[in-house]
Amino acid sequence: MAKTQEGQPQVQPDAGGEEQAAFRYPGLIKTIPELMESCTWFPESYVIYPMGLHTTLIPVKNGIKAQRNNARTDDREAFLASYHKREENGESNVWIAKSSAGAKGTGIFISSDANELMDYIDNQGQVHVIQKYLERPLLLEPGHRKFDIRSWVLLDHQYNIYLYKEGVLRTSSDPYNSTDFQDKTSHLTNHCIQKEYSKNYGKYEEGNEMFFEDFNQYLMNTHNVNLENSILPQIKQIIRSCLMCIEPAIATKLLPYHSFQLFGFDFMVDEDLKVWLIEVNGAPACAQKLYAELCQGIVDVAISSVFPLSDSSPKRSQQSVFIKLGS
């Protein structure tokens, strides 16, 4: 968390677009009874550790090597049991493996073959989360394209939860292809993937980004619903549920310093307009056009409450860019 200690406030950096998955692990869900009972918005997920003596220890940028992980603590057997049950029942069985150390769309593998998924993880030498792939996503037209939604959420030093009023859809450049899982630009909406691999990057939306105002208009034109009444209530409920349940584990309001944290919640919407939480990032990248407003909002909400403006400082009277969700 960014600390406001000794008079030196710090805003969590973007780190060049690289993000740390804070709640990618499904352990968040499994260890909290309140979430397990009501969690209908998180895809079935399992933590898988690489196995075998051939596992390579991959050095990270600072030269520290990742620790060899203990396979006893992973969900491999539980995943395989679920996979085979689905197979026997004739259910859809596509899964996505995401590295715990991945960024910019790296360390991701999609397959309907359990052996392929296990071999991929074992050869990568990194802890992965295997998550049930959402095979029937809501698609954008024209182009029949996937998207995900990034929402920014601020926790202040009193554990008040704030949602940034603006959000962004990160869109794919190419048509969704449910038969070819190696087609990166069809399945992965990460900007780095789209920009590097698709010749259609920027064809439909500038920088492959659609903001809430345009998305709201799209929903009204194509589905006769608006964002405020259909998608946003689900997003707000998921955010509140996650952060309220983990408050005992991450709150710092009783510690001898003040801190705040900005999270990036990533969502997908299926063809029934149901919202799914995909993951939560602890160092979220931000759309360039939103930087100034988002940073000023963080200062107003999380920093000025600890370091108030002096009487001679100009007062800011504009409405907050954050919506308070709970405390």
Query raised in the report: Could you go step by step and tell me if Phe79 and Trp95 meet the ring pair (Phe, Tyr, Trp, His ring centres under 6.0 Å) rule?
Result: CA-CA 10 Å; Phe79 161 69; Trp95 299 78; 5.0 Å; yes

**Report entry** Pair His191 + Tyr201: ring centers closer than 6.0 Å
**Finding:** no

Report task. May I ask you to check whether Tyr133 and His187 place their ring centers less than 6.0 Å from one another? Result -> yes

Distance alone, cut at 3.5 Å: any donor-acceptor contact between the side chains of [X] and [Y]?
{"X": "Tyr218", "Y": "Glu141", "result": "no"}
{"X": "Ser259", "Y": "Thr252", "result": "yes"}
{"X": "Gln194", "Y": "Asn190", "result": "no"}
{"X": "Asn208", "Y": "Thr189", "result": "no"}
{"X": "Asn226", "Y": "Glu228", "result": "no"}
{"X": "Gln126", "Y": "Ser99", "result": "no"}
{"X": "Asn200", "Y": "Asp174", "result": "yes"}

Query raised in the report: Does Glu87 reach the side chain of Tyr83, with side-chain heavy atoms less than 4.5 Å apart?
Result: yes

**Report entry** Pairwise side-chain contact, Ile323 with Tyr162, heavy-atom cut-off 4.5 Å (strictly under)
**Finding:** no

Between the side chains of [Y] and [X], is the shortest nitrogen-to-carboxylate-oxygen separation below 4.0 Å, so that they form an ion pair?
{"X": "Asp270", "Y": "Arg136", "result": "no"}
{"X": "Glu247", "Y": "Lys253", "result": "yes"}
{"X": "Arg150", "Y": "Glu209", "result": "no"}
{"X": "Glu271", "Y": "Lys274", "result": "no"}
{"X": "Lys85", "Y": "Glu44", "result": "no"}

Report task. Kindly check if the number of other-residue, nucleotide or ligand heavy atoms within 6.0 Å of CG (Asn224) is above 12? Result -> no

Query raised in the report: Near Glu213 CD, under 6.0 Å, is it more than 12 heavy atoms from other residues, nucleotides or ligands?
Result: no

Query raised in the report: Does Lys165 count as lying over the ring of Phe212, i.e. NZ or CZ under 6.0 Å from the six-ring centre, within 45 degrees of the axis?
Result: no

Report task. Tell me, please, whether Tyr49 has Arg76 positioned over its six-membered ring: NZ or CZ under 6.0 Å from the ring centre and within 45 degrees of its axis? Result -> no

Requested in this report: Using side chain to side chain contact (heavy atoms under 4.5 Å, CB included) as the criterion, point out the one residue from Phe215, Tyr204, Phe147 that pairs with Met210.
Outcome: Phe215

Report task. Look at the side chain of Ser151 and the backbone N and O of Phe265, then say whether any donor-acceptor pair between them is shorter than 3.5 Å. Result -> no

**Report entry** Pairs satisfying salt bridge (charged side-chain N to carboxylate O under 4.0 Å, His left out), at least one member in residues 177-199, at least two apart
**Finding:** none

